[in-house]
Protein chains: 4
Amino acid sequence: MNTVTQPDRRIRKTRKALRLALQHLLLDKPFEQITIRDISNEADIAYTTFFRHYPDKEALLSDLADDEISALLDLTLPMFSTESSHASTLTMCEHVHENERLWRALLAGGAAGNIRQLFVSQVEMRFDQWPTVMEWLPPEISATIMCGVTLDVLTWWLGKAPDKTAEEIAGILDRFFALTAS
Amino acid sequence: MNTVTQPDRRIRKTRKALRLALQHLLLDKPFEQITIRDISNEADIAYTTFFRHYPDKEALLSDLADDEISALLDLTLPMFSTESSHASTLTMCEHVHENERLWRALLAGGAAGNIRQLFVSQVEMRFDQWPTVMEWLPPEISATIMCGVTLDVLTWWLGKAPDKTAEEIAGILDRFFALTAS
Amino acid sequence: MNTVTQPDRRIRKTRKALRLALQHLLLDKPFEQITIRDISNEADIAYTTFFRHYPDKEALLSDLADDEISALLDLTLPMFSTESSHASTLTMCEHVHENERLWRALLAGGAAGNIRQLFVSQVEMRFDQWPTVMEWLPPEISATIMCGVTLDVLTWWLGKAPDKTAEEIAGILDRFFALTAS
Amino acid sequence: MNTVTQPDRRIRKTRKALRLALQHLLLDKPFEQITIRDISNEADIAYTTFFRHYPDKEALLSDLADDEISALLDLTLPMFSTESSHASTLTMCEHVHENERLWRALLAGGAAGNIRQLFVSQVEMRFDQWPTVMEWLPPEISATIMCGVTLDVLTWWLGKAPDKTAEEIAGILDRFFALTAS
DNA sequence: CTCTAATCGAGACGGTACGTCGCGTCTTACG
DNA sequence: CGTAAGACGCGACGTACCGTCTCGATTAGAG
């Protein structure tokens, strides 16, 4: 057997409850205004138990966001190479639209900076799946810029143009990617 | 006379001291870790006096950042129209390089989100000076994206590629702007 | 003027409230079971304000006990020299009896050790008023022993023989002092 | 058979380990600062196991102190009646001196109150061995006072006059007992 | 050149959240 | 299948910072 021993079932349960609790609370108020007590109340675990799992609420957010970003990228990045850029961006926009409130929360508050970092990191870790970019663009920065633009557009969509359809947004992103790939 | 009456000399002095103090402190630690007590100590004014001028430290940061962004845009945006895009971006990069530590502070910590907002706002207020963009790009978002990319590149420069010269960075930005203006 | 500047009136007021609050709470439950939150609630001051005045509840107890011990000794020690030993001990017992619940609290719980220390200290500070003792008794310990016996008797009275009158207890103490002064 | 069934040998072993552990730890820090985790670590038993034997650390201390007080009294009280008061007190002081650090620990910290109680209790249980006392002294209190003085003197010895010899201390106690027996 | 009002220094205070520590119970995974 | 290992609930602690409040002391700038 080469599987790593799974942590105690109670631990997995508690962490899951915490992630869910944060996710719910994020629908109501920005991350900075959420206290650890809020989270533990919502998750129905003892306040002090929180610290047995995460050193602070940022760590919990990272955990949560990592999961969500993973899900998003797992869903869309593969299509980027195999199918078409459009299929990929459309799928992404649709997924974000379905989880609108969560993504709004992730991209809105002061935590947006962290999320960007996580997003870029994950993309860079899968960099072999990333399309070729323009020769004048240092490769180290291309992921940063692509992710940056993507998140900028998504943030703008969720925040200021919620009436646009996923197709429209995907179209914008698509054109952008086309520009750099020319 | 249509000039607004200048506030009391003491007021101007105090606010200036506060802005300077924050600027100095930002060289040492991220914005979130700076307390109002830190700022008032550094500025050598009474803690309570801070609140007579700003409701919270975010307000002070906005004040400071607004000034700095104004200075940057005053310097570069005009050249964009009158001279060349390259002259403009180069001037911008050089100015950022000269005030490197301040801009690093502005773009690094959790306050980066706020700074982005301010940057976009100011650019939009001067939108008549902004170049025409691609027809498929909704005009409301073009400033957001352009600013986003600009700040992404600057952040990357200051954070991860400090060895690049201002010319190189200006070149990258330049090419990007050219893409969208085609 | 040789008077030391009194602290801020608010400070004196707050400390007095805290002492009173502890005194009241001691009538209900032993010192160890009283929390700082109990005290600050009872005193109607903010929890954190407590720490601006005392590092912990032990310090507050010392303050309170010091006052009470002072009062007791001011009342009784002078009579020891000027009048008779009996007048002195009787006054002491009566005073303790009048403040029975407080003294019961001071002498009962785990804080009794501290109280003993304070009592001995104060007596030693007024040592010139202390009667001559037996030659075979090292002077450094005479106060300790006298105070010890006194407190032991008082503790026994309050705890196990509450029906005895102040006169009876004073008589016992009196005889004891007579023994050592012979 | 009228002997009470001895508990399981393992139980006796565990309890002994716990008592020893507490005894060792008391040499390092006062009782209040010792945690149950400290004790179980020192005793090399599981934390949870502690509670199978004692409800809290106070109970363990009582157990330990009871043993030690028993040992002391078994050693000295018999001599009080059969031989001389001096032989008795001297033996007591010597025994305390030999177990100096333990007794210092028992008599120093906030636990001193408990120890006093235990001491008096045990003495009262052997009251038939106690010498006759003065007629004006209610018999119920004589043990309390005698024990009180004894412990006061011992505490003073260990804490503030460690240079005195056991003989000197025994002499003081001796004279005291003589006073009351006159 | 005063006089009046705004500004500032100082710091006690109420309050929120934090993160830590220790206790004692309860569960789980392992031998 | 019983037990150590340890997750957990709980409650108190002491800290850091916030923002409000009062009270004097100082100082600007208008008359």
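Each chain gets a letter, A, B and so on, in the order its sequence line appears, and its residues count up from 1.
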Taking B:Leu158's backbone N and O only, do any of them form a donor-acceptor pair with B:Arg104's side chain (distance below 3.5 Å, no angle check)? yes
How long is the line joining CZ of A:Arg12 and C1' of F:dA7, in whole Å? 14 Å
Tell me: NZ of B:Lys57 to C1' of F:dC18, nearest whole Å? 11 Å
Of the nucleotides E:dA12, E:dC23, E:dT7, which one has an atom closest to the side chain of D:Thr35? E:dC23
Take atom CD1 of D:Ile39 and atom P of E:dC23, then tell me their distance rounded to the nearest Å. 8 Å
Could you go step by step and tell me if D:Thr49 and D:Leu18 meet the side-chain contact (heavy atoms from CB on, under 4.5 Å) rule? CA-CA 10 Å; D:Thr49 302; D:Leu18 286 171; over 6 Å; no
Need one value for A:Asp38: base, sugar-phosphate or nothing, where a base atom within 4.0 Å counts as base even if backbone is also close, heavy atoms only. nothing
B:His53 vs E:dT7: side-chain N/O to OP1/OP2 distance below 4.0 Å: no
Whether C:Lys57 side chain and C:Ile34 backbone form a donor-acceptor pair below 3.5 Å: yes
Between C:Arg37 and F:dC13, is there a side-chain N or O to OP1/OP2 distance below 4.0 Å? no
In this structure, how many angstroms lie between the C1' atom of F:dC17 and the CD atom of B:Glu58, rounded? 13 Å
Below 4.0 angstrom from OP1 or OP2 of F:dG14, is there any side-chain N or O of C:Arg52? no
B:Thr35 vs B:Asp38 side-chain heavy atoms within contact, under 4.5 Å: yes
Of the listed nucleotides F:dA4, F:dT15, E:dT20, the one nearest the side chain of C:Phe51: F:dT15
Of the nucleotides F:dC8, E:dC13, E:dG19, which one has an atom closest to the side chain of C:Thr14? E:dC13
On DNA chain E, check which nucleotide each of A:Gln33 and B:Ile45 is closest to and give me the residue with the more 5' one. B:Ile45
OH of C:Tyr54 versus P of E:dC13: gap in Å, rounded? 11 Å
D:Glu32 CD to E:dC21 C1', in whole Å, measures 16 Å
Presence of C:Thr49 side-chain N/O under 4.0 Å of E:dG14 phosphate oxygens OP1/OP2: yes
C:Tyr47 or B:Ile11, whichever maps to the more 5' nucleotide of DNA chain E: B:Ile11
Electrostatic pair C:Asp8:C:Lys13 at N-O distance under 4.0 angstrom: no
Round to the nearest Å and state the distance from C:Phe50 atom CZ to F:dC13 atom P. 9 Å
Is any NZ, NE, NH1 or NH2 atom of the basic residue among C:Asp63 and C:Arg15 found under 4.0 Å from an Asp or Glu carboxylate oxygen of the other? no
By nearest atom, which of the nucleotides E:dG9, F:dG6, F:dA28 is closest to the A:Arg10 side chain? F:dG6
Please classify the nucleic acid contact of B:Ile36 as base, sugar-phosphate, or nothing, using heavy-atom distances under 4.0 Å. sugar-phosphate
Of C:Pro55 and A:Asp44, whose closest DNA chain F nucleotide lies nearer the 5' terminus? A:Asp44
Rounded to the nearest 0.5 Å, how far apart are CD1 of A:Ile69 and CG of A:Leu118? 5.0 Å
Measure the angle between the two terminal helix axes of the helix from E:dC1-F:dG31 to E:dG31-F:dC1, five base pairs each, and quote it to 10°. 30°
I need the D:Asp66 CG to D:Phe119 CZ distance, nearest 0.5 Å. 12.0 Å
Calculate the interatomic distance between A:Leu60 atom CG and E:dG19 atom P; express it in whole Å. 13 Å
Give the nucleotide from the list F:dC8, E:dT20, E:dG9 with an atom nearest to the side chain of A:Thr48. E:dT20
